[in-house]
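Structure first, commentary second.
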Amino acid sequence: MDILSELNQSQREAVETIEGPLLILAGPGSGKTKVITHRIAYLIKTCGVSPHRIMAVTFTNKASREMQERLEILVGQAIEKITLGTFHAICARILRQEGKVIGLNSKFTIYDEDDQLSLIKQSIQEVGLDPKQYAPKAVQSAIKFAKSQLLTPDDYALYTSSYFEEIVQRVYERYQQVLHQSQVVDFDDLLMKVVQLFNDHSSILSKYQSRFIHILVDEFQDTNTTQYQLIKQLAGKHQNICVVGDPDQSIYSWRYADMRNILSFERDYPNAKVVLLEQNYRSTKAILDVASSLISANIERKQKKLTTDNEAGLPVTVVETYNEGEEAQFIVSEIDKLVTEDSTISPADCAVMYRINAQSRALEESFVRHGMPYRLVGGTRFYSRREIKDIVAYLKLIHNPYDNVSLMRIINVPGRGIGSRTISELTSWAKSQDISLYNAIKLVGDNKGPQLAARASTALTNFSLLINELIQKSNELALCDLVDEVLNKSGYRNYILSEENSEERWENIMALRADAREYNTGKPEDDLTAFLEKISLVSPDDETEEKANATTLTTLHQAKGLEFPVVFIIGVEEGLLPHWRSQDNTEELEEERRLFYVGVTRAKKRVYVLYTYRRNLFGNSGGSEKSRFLKDIPQELVVTKPLWENEEQEIECTPVTAIYRKPLSQSPQRPANTITVSAGDNIRHAVFGDGVVINCSPFGDDQQATVDFPGAGVKRLLISLAPIEKIERNSD
DNA sequence: GCCTCTGGATTTTTT
DNA sequence: ATCCAGAGGC
C-alpha cells in the first residue's frame, strides 16, 4: 500500500518532511489525524525508522485510542513498539522508571483533583489559616497555575506580588511537603517532576533524547508551559519534533494552556518548516464561509483560509425563540422534520451544543417529552462516583499506607464510630510527631499514641487491624479477590446495600471489580500498582457507548474533535456566548469566539444558531440579547426562516430573521400523570410497550425514570408527561 | 456522632 | 432553581 497516495499536496508535504522541526497548522476537518498517523507509518515503512524510537503524544485517552486504532491498520504489529499515549501516561511511566533519583518510590500513587483539594484544605489549616477565608478552590487553581508554569514553591516565592499569592505560596510549600512524605504525586506533578528530573539529571535526559528520534504532539495549541518544556527537552538532541494543532481551536486557556506555544513555535525553532492544512473535507462551503467570517474577527491568530471542494450547501439558519423552552421545542421539531424530509438524516446525525451544562436541562425535558432518544455527553464520571472513590481509596491505602487523603476518606466509611473529634485529635498528634496517620493509628493500638477515649481507641485499633489484614491479603490474593475482601471485611458491602438506590451503586462497584479481573499476572503487588494507575489516568466512560439513534447533547468544549451532519448551537446570547465572566477581557472574548467557531466547524451539512428573547437561568429570568458574535457574520450568509407566527418583526442590521413565538404544532396536552414510580415497578407506555423501571430520580417537581423496554430499549421518561400507566407485576 | 438546615455559589474539563 | 458544603441541633 502506498502511504502517500491518498494524501493531498500539503498533507503529503507534512508527511514527507521528516527532518527537523515541523509545525502543522491544521484547520478543522483537514485530515489532521490522518496526517499524523500516515506520517508515523511513513517513518516506519518508508524511512525504516524503528517504531521503538517514535513518540506520539496526545492530551486525552480518546485521542490516543483513536490514533492507536488508525495506526494499527497502517503499521500492524509495529504499533506495540511505539510510545503512544497521553502526556500524563507517558510521564507516569518515566517517573516509575526513573523516580528514585528524586526520592520517588516506583509505587507512588496519583491524586486526582478531588484528592488534591482535600489535601489543600488540610494544608491551609496546617499553615495556620482558615479555609473559609482562603477559598481552597482558588488556592488549588493558583497551585495548578504554578505547576503549569513550572514554578516550584521556591520559584513561586519570587513571583508573588499580592497577599493572596503569599498565602498560596505557604500552602503550596506545605502541600508539596505532604505529597512527598506520602509518596504521592498529583496530575501536574507527573509532568513537572519529569521536567525537573530531566533538568537535574542530564544522563537520564540524554538516554531518552537519544532514544526518541521522532516526536509528534497532537493538539499543540493546548499545551501549557510545562508540557512545552518537556517536549523541548525530549526533542533536544534530534530536533525532529512535529507539532500539530490549530490556534483557532484553542479553548483551554483557563486550564493554563498557552496558545502562544503554537503561535511562537517558529521563533523557538527558527529552522522550523510550516505546513498549512487548509483543505476542508468536512463541511459545506456555506458553513465554512460563516466559520471563516467569524474567526476573522479575532486579532491574535495566524491567518488561514479554509477551502473545500464540497457542495455549496444551505445557509446557516439563525433563529430567535421566546425562551429556552421554545428553543428546545424548536430543536425537537426541527430534528423531527429533518429526519422525515431527508432519509439520509437520522436523529443520531444531529448534535446540540451549548456553552454551559445548565442549558441541557430544558433540552432534556423536551427530548423526554417527545420520547426522542438523546445522549448527554459528560455528566458524572465513573471514577468520581462516591462508591467507586471509596473502594479505590481502600485500595490506594492498602497499596500505600502513607496516603493520608485516602485514609481520611474511608476511616469512618462505613461508620465505625470514629468521629470528627477523634480524627482531629489523631491528625494533630500525627502532625506533631511528623508521622503518617496510618502509623499514628498503629501506635494507638500499641497504647503509644495520643490520649483518647476508650471507645475511640478501640475503634481506631479495629480499623488499624482491618487495614493491616487487607495489606497482608494484598500480597496473596488476585486483585479481584482483594476487592471482594475489601467489600466484605470493611463492611462496605452491607453499608452500600442498605442504602437507597443501592442497586446502581452496587452495579458500579461490580463493574470496578470486573475491571480488576483483567489484572492478573500472578504478581499481586504489580497488578495493584497497574490497576491504580489506570484508574487514575483513564476514565472508562471515554468509551462512548453509542445509544441507538440518539441525538448528542454536548457542551461546545466537549464537541471539539467531533463532527455531525447537523449542528444546533443554542444560547448564542450575550452572557452565555460570550459568557459573562469573559466579557470584559479581549483575550477571553476571543477564546469565546473560538468556541463558537469550534461549534460551527463541527457541522458537515447544516448549522442552526439559536438565541432567546428571554432566558431563565439560575432561578431568575431576564431579557436576553443576541450575541455580539452574530455581527461578525455577514447577513447574506444567513437564512431567513420564518417558521412561526411573527408577532414582532425585528428590523435591524442583524442576520437574524426567524422570530419564534408560538409553536404551530404544540404537542397535544395530556393531563399530567399523578402517579409516582420507583425502581422495580412495571409500567406500560403508549409507544414503547411494557417496561421495567430501572432507576428513578427527582427532576424538578417531577420524577425522571430510566425504564428498560424489552421491545424498545432503555428510555428516560418524565413521569408526569410520558404516556404511561403502572401495571401489576406478573405473579411469580 | 449523626442528621437537618441554611447560605453561598453557579463556565468551560482532561489527566 | 438547585446543588453542595459546613454549622448547629438532637
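First the proteins, then the strands, lettered A, B, ... as listed; each starts at 1.
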From A:Lys144, A:Lys193, A:His88, residue fulfilling side-chain hydrogen bond (donor to acceptor under 3.5 Å, both in side chains) relative to A:Asp188
A:Lys144

With a 4.5 Å cut-off on side-chain heavy atoms, are A:Tyr252 and A:Phe59 touching?
no

Winner on side-chain proximity to A:Ile356, out of C:dC3, B:dT12, B:dT15, is B:dT12

Between A:Asp246 and A:Lys32, does at least one N-O distance fall below 4.0 Å, as a salt bridge requires?
no

Hey, does A:Gln558 reach any base, or is it just sugar-phosphate, or nothing, if we go heavy atoms under 4.0 Å?
sugar-phosphate

Mapping A:Gly417 and A:Asn357 onto DNA chain B by nearest heavy atom, which one lands closer to the 5' end?
A:Gly417

Rounded to whole angstroms, how far apart are CD on A:Glu113 and C1' on B:dT12?
13 Å

What's A:Ile251 touching, base or sugar-phosphate or nothing? Going by heavy atoms closer than 4.0 Å.
nothing

Closer than 4.0 angstrom, basic N to acidic O: yes or no for A:Glu69 and A:Arg65?
no

Student check: side-chain heavy atoms of A:Leu376 and A:Ser360 closer than 4.5 Å
yes

By nearest nucleotide on DNA chain B, pick out whichever of A:Arg416 and A:Trp580 is the more 5' one.
A:Arg416

Expressed in angstrom and rounded to an integer, what is the separation of A:Arg615 atom CZ from C:dA1 atom C1'?
15 Å

Whole-Å gap separating C1' (B:dT15) and CG (A:Asn224)
11 Å

Starting from C1' on B:dT14, measure out to CG on A:Asp189 and report it in whole angstrom.
16 Å

Of B:dT13, B:dT10, B:dT15, the nucleotide closest to the side chain of A:Arg581 is B:dT10

Could you please name the option among B:dT15, B:dT13, B:dG1 that lies closest to any side-chain atom of A:Arg421?
B:dG1

Counting side-chain heavy atoms from C-beta on, which of B:dT14, C:dT2, B:dT15 comes nearest to A:Asn61?
B:dT15

Side chains of A:Leu234 and A:Phe198, heavy atoms from C-beta outward: is any pair under 4.5 Å?
yes

Do any N or O atoms of the protein come closer than 3.5 Å to N or O atoms of nucleotides 6-10 of chain C, and which pairs are they?
{"from": "C:dA7", "atom 1": "OP1", "to": "A:Lys132", "atom 2": "NZ", "distance (Å)": "2.8"}

Flag the pair A:Glu364 and A:Arg361 as a salt bridge only when some basic side-chain nitrogen lies within less than 4.0 angstrom of an acidic carboxylate oxygen.
no

Between A:Arg409 and A:Asp114, is there a side-chain N and carboxylate O pair less than 4.0 Å apart?
no

Centroid distance under 5.5 Å and plane angle under 30°, A:Phe618 vs C:dT2:
no

Should A:Gln227 be listed as having a side-chain N or O under 4.0 Å from OP1 or OP2 of B:dT15?
no

Touch class at under 4.0 angstrom, heavy-atom based, for A:Asp222 against every strand present
nothing

Rounded distance (Å) that lies between atom C1' of B:dT12 and atom CZ of A:Arg594
13 Å

Nucleotide B:dA9, atom C1' - distance to NZ of A:Lys137 in whole Å
10 Å

Rounded to whole angstrom, note down the C1' distance from B:dT14 over to C:dC3.
23 Å

Considering only side-chain heavy atoms of A:His88, which listed nucleotide, B:dT15, C:dT2, B:dT13, is closest?
B:dT15

Contact under 4.0 Å: A:Thr555 side-chain N or O vs B:dT13 OP1/OP2
yes

